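All remarks here apply to the structure that follows.
Throughout, a chain's letter reflects where its sequence line sits, starting with A, and its residues are numbered from 1. Everything numeric in this text was worked out from a predicted model, so none of it was measured.
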Amino acid sequence: DAVLSRISLCPHKAGMDSVNKNKTDEVIRSMSEGSRFYDNERRKAAQTAQRVQVMKSRAAVLSTGALQQAEAMASAFERQLETERDLSRVIVHCDADAFYAAVELRDQPHLRGKPIGIGGIGMLSTASYEARKFGVRSAMPGYIALRLCPELILVKPRFHAYEAASRQLQAVMAQYDPNFRSVSLDEAYLDITDYMARLTPGDVAQLPPLTTVADPPLVQEANSADSKPGMATDSAGARNLTTLEGRALAARVVHQMRTRMHETTQLTVSAGIACNRMLAKIGSDQNKPDGQFCLPADRAAILAFLANMPTRKIPGIGKVTEQILRELDITNCQALLQQRALLKLLFTPISFDFFMRSALGIASNNTRKRSERKSIGHETTFRELNQVPDLEDKCLHLCHKTALDMERKALLGRSVCLKLKTVDFKVKQRSVLLPAHTADEPVIKRAALGLLHREL
DNA sequence: ATACATACC
DNA sequence: TACTGGTATGTAT
């Protein structure tokens, strides 16, 4: 059922092991069926199905010659990508476990051991691990969560507390990489290559022992290396971080960092260690919660790690792309590679490039902060409104908040975009390009009202 | 250039 | 009864 794949739980996510998926799916469906939200999901599912059909019919008429030619091009492209593979950096993805919920359980001890959801009847932003056992998830409406777990306690978010905890976590991360890239309050990428290169033998001696930290293969193979533990060096005397021993050292460093984060915040953080952001991110999910994973800086190890990796685990492949690929019998990275000729012919160059890089584990290892933002705005969902003046009020208020933010952050913009959602969850976007960059509230308001009136 | 879709937290 | 909000980016026309 195509709709179910859109609204049901994602089976790969953490905390799902003990969930009875059929039962929770049934609850979710029975609560959604007949609602305007569900109808819209059905509409979108049909649209995806249509996309798949077009793709399949294009696939059906591909000649052997075309496929052979595409295979040759894909193969050449793979060789090109291999020349870009960079194993030299030690990238870490840190991800706090059930962050908002963990902060609440820390600050409100009476909630410990009970299932909690952060948010309200309309929507949850986080579910505690206790709640996840019942199938309660992030981005689930509270009223459905309550049906899955009647004892669920809904907790209003306290963003100031989360921001404070986030600052504490980031202060620890900054000790290891002052240029770390934060993704959200609870997630960040670090490049600890330079930090590790600077470690003195005294520093190394302070690190937690490998055996308490790493996965068996890393432990065995790192210990069987010829030089002394933690002291792998190349001919120039610099520490070689791409060896298994170097990775074992990285695992100890990251364990120390996670311990420090736990000491200062009482929160647990999971981490992935690899040679680029994509692999580090997949890694941080492997041993969640309160775990870490280290992927050796080695092509064969990376390909072996990815071979059976479900496509959905790749950051950037969501429910829709997962389904499209599944219809083409592609469910893991190995299949992604094997079907590269087909992908080359069916998808855009950008998508093909992305699939190939994902399947090979070749991605960016840049963890510097992104240069500048590209958009800023506000949106809000409100009860059904039909009167023009009411809609104008809402629009003007959102313009006001946006203009205020732009002034505070000293930003200018040249395009004004109005987003409208109807009661049946259809979304419309209307935008205009202004003659010049501006942050002027009246200018933004006039542009937005103009767009609004076009739709009334 | 515009509209819409997908993805992420 | 009830399904977010903010930002980036890809696809289609």
Side-chain angles (χ1 to χ4, degrees), chain A residues 6-7 10 13 28-29 31-41 43-45 47-48 50-51 54-55 93 95-96 98-100 117-127 137-147 154 157 159 162 166 182-188 277-278 281 284-285 311-324 346-355 370-384 398 401-402 405 409 411 413-421 423-434 451 454-455:
Chain A
R6 299 185 63 92
I7 64 172
C10 167
K13 286 276 183 164
I28 292 170
R29 198 176 48 158
M31 296 217 51
S32 307
E33 227 160 32
S35 70
R36 292 197 270 210
F37 178 82
Y38 188 86
D39 287 347
N40 189 248
E41 287 302 301
R43 187 181 61 79
K44 289 200 282 188
Q47 194 174 285
T48 304
Q50 173 66 21
R51 246 177 96 182
V54 169
M55 226 167 234
H93 180 250
D95 192 344
F99 183 57
Y100 295 178
I118 310 304
I121 283 291
M123 184 53 61
L124 299 182
S125 60
T126 319
R137 313 298 320 273
S138 300
M140 178 181 276
Y143 64 92
I144 290 179
L146 279 170
R147 185 66 67 90
L154 296 183
F159 288 106
Y162 312 149
S166 179
S182 70
V183 180
S184 62
L185 288 183
D186 75 318
E187 223 180 282
R277 289 205 313 259
M278 179 194 78
K281 182 163 171 59
S284 70
D285 198 46
T311 55
R312 186 68 173 82
K313 291 267 191 184
I314 295 167
I317 296 184
K319 289 184 170 193
V320 173
T321 312
E322 178 194 30
Q323 196 203 325
I324 291 171
L346 291 185
F347 289 86
T348 64
I350 290 173
S351 294
F352 173 68
D353 179 285
F354 167 69
F355 289 142
R370 286 220 279 246
S371 52
E372 54 187 345
R373 76 157 71 219
K374 298 182 175 170
S375 71
I376 187 167
H378 284 281
E379 62 182 79
T380 182
T381 302
F382 42 83
R383 66 183 168 83
E384 180 167 2
L398 294 171
K401 292 215 291 184
T402 303
D405 279 358
K409 298 182 163 111
L411 295 169
R414 200 157 82 96
S415 169
V416 174
C417 179
L418 178 78
K419 176 174 167 179
L420 293 162
K421 185 158 71 181
V423 286
D424 45 9
F425 292 92
K426 289 200 179 89
V427 173
K428 282 187 192 183
Q429 275 179 217
R430 297 291 178 264
S431 67
V432 269
L433 199 57
L434 302 176
L451 294 168
R454 263 170 50 186
E455 301 305 313

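If you take CZ of A/F382 and P of C/dC3, they are 13 Å apart, rounded to a whole angstrom. Rounded to an integer number of Å, the gap from CZ of A/R383 to C1' of C/dT4 is 18 Å. Atom CG of A/L434 and atom C1' of B/dT2 are 14 Å apart (whole Å). Rounded to a whole Å, the CD1 atom of A/I118 is 15 Å from the C1' atom of C/dT4. Rounded to a whole Å, the NZ atom of A/K313 is 16 Å from the P atom of B/dA7. Counting to the nearest Å, the P atom of B/dA5 and the CD atom of A/Q323 are 16 Å from each other. Atoms CZ (A/R137) and C1' (B/dC9) sit 13 Å apart, rounded to a whole Å. Atom CG in A/D39 sits about 12 Å away from atom P in C/dA2, given to the nearest Å.
Checked against the 6.0 Å centroid threshold, A/F354 and A/F347 do not count as a close aromatic pair.
For A/T381, the listed nucleotide lying nearest its side chain is C/dG5; candidates were C/dG5, C/dC3, B/dC8. Considering only side-chain atoms of A/R430, the nucleotide from B/dC9, B/dT6, B/dA3 that sits closest is B/dA3. With B/dT2, B/dC9, C/dC3 as the choices, the nucleotide that has an atom nearest any side-chain atom of A/L433 turns out to be B/dT2. Checking C/dT4, B/dT6, B/dC9 against every side-chain atom of A/M123, the shortest atom distance belongs to C/dT4.
OP1 or OP2 of B/dA3 has at least one side-chain nitrogen or oxygen of A/S431 nearer than 4.0 Å. Applying the 4.0 Å criterion to OP1 and OP2 of C/dT4, one finds that A/K421 has a side-chain N or O inside that range. Look at A/R312 and you'll find a side-chain N or O under 4.0 angstrom from OP1 or OP2 of B/dC8. Taking 4.0 angstrom as the limit, A/Q47 places a side-chain polar atom (N or O) nearer than this to OP1 or OP2 of B/dA5.
In this structure, the side chain of A/S32 engages the main chain of A/I28 through a donor-acceptor pair within 3.5 Å.
In this structure, A/T321 and A/R312 have side chains that are not in contact, with every pair of non-hydrogen atoms separated by 4.5 Å or more. A/L146 has its side chain within reach of A/L154: a pair of non-hydrogen atoms, C-beta onward, lies under 4.5 Å apart.
A/I121 comes within contact range of at least one nucleobase, with a heavy-atom separation under 4.0 Å. Within 4.0 Å (heavy atoms only), A/I317 reaches sugar-phosphate atoms of the nucleic acid but no base atom. Residue contacts for A/R454: at a heavy-atom cut-off of 4.0 Å it reaches the sugar-phosphate backbone alone, with no base atom in range. Counting non-hydrogen atoms under 4.0 angstrom, A/Q429 reaches a base of the nucleic acid. Among the atoms of the strands shown, only primed sugar atoms or phosphate atoms (P, OP1, OP2) are found under 4.0 Å from some heavy atom of A/K428.
Evaluation of atom-type donor-acceptor distances gives no pair under 3.5 Å for the side chain of A/S125 against the base of B/dC9.
Residues A/D285 and A/H93 have side chains that never bring a donor and an acceptor to within less than 3.5 angstrom of each other.
Rounded to the nearest Å, the gap between the C1' atom of B/dA7 and that of C/dA2 is 25 Å.
Nearest-nucleotide mapping onto DNA chain B: of A/G318 and A/E455, the residue sitting toward the 5' end is A/E455. Residue A/V432 is the one, among A/V432 and A/P315, whose nearest nucleotide of DNA chain B lies closer to the 5' end (criterion: closest heavy atom).
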>> Within the 4.0 Å limit for protein heavy atoms, which parts of nucleotides 6-13 of chain C are touched? Write it as a string from 5' to 3', B for base, S for sugar-phosphate only, - for none.
In response: SSSSSS--

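Using a 4.0 Å cut-off between charged nitrogen and carboxylate oxygen, A/E187 and A/K281 count as a salt-bridge pair. Classification of A/K319 and A/E322 as a salt-bridged pair fails, no side-chain N sitting under 4.0 Å from a carboxylate O.
Taking CD from A/E372 and CZ from A/R370, the interatomic distance works out to 12.0 Å, rounded to the nearest 0.5 Å. How far CZ of A/R430 is from SG of A/C417: 9.5 Å, rounded to the nearest 0.5 Å.
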